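These notes concern the structure reproduced below.
It should be emphasised that the depicted structure is a prediction, and the values quoted were computed from it without experimental measurement.
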Amino acid sequence: MVVTARSSEGYLLAARATAYQSFLFAHLEYGQNALLEEYQREVVAYPTRHYQKPVHYFNYF
């Protein structure tokens, strides 16, 4: 999958998988750090659980 476009705010991402498949990824209800904050909240709320760090998520910050 190849990223073909990204909004300057980082909210929208377009990608192409093949010549016939394109995808638009968007969570406009989330701010730029919302998923990070949710992850950190879960880690603090349940310290006995061992969460894996999200893969590729932190590459964009």
Side-chain angles (χ1 to χ4, degrees):
M1 191 172 297
V2 177
V3 174
T4 56
R6 182 174 178 222
S7 68
S8 60
E9 299 86 15
Y11 295 133
L12 299 171
L13 181 71
R16 181 174 300 265
T18 69
Y20 303 103
Q21 292 180 314
S22 294
F23 300 91
L24 179 64
F25 300 95
H27 284 281
L28 298 176
E29 70 274 18
Y30 290 112
Q32 185 172 0
N33 293 322
L35 295 176
L36 172 62
E37 292 167 2
E38 284 186 26
Y39 170 76
Q40 291 171 334
R41 184 179 61 237
E42 290 294 311
V43 169
V44 170
Y46 303 101
T48 59
R49 295 182 186 171
H50 299 285
Y51 293 96
Q52 288 186 326
K53 189 175 183 180
V55 177
H56 304 297
Y57 177 74
F58 294 102
N59 295 347
Y60 297 103
F61 296 103

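Applying the side-chain contact (heavy atoms from CB on, under 4.5 Å) rule to Glu37 yields the partners Asn33; only residues at least two apart in sequence or on another chain are considered.
Follow the hydrophobic side-chain contacts under 4.5 Å out from Tyr46 and you never reach Val44; the two are in separate clusters.
The shortest heavy-atom contact between Gln52 and Tyr39 is O-CE1, 3.6 Å.
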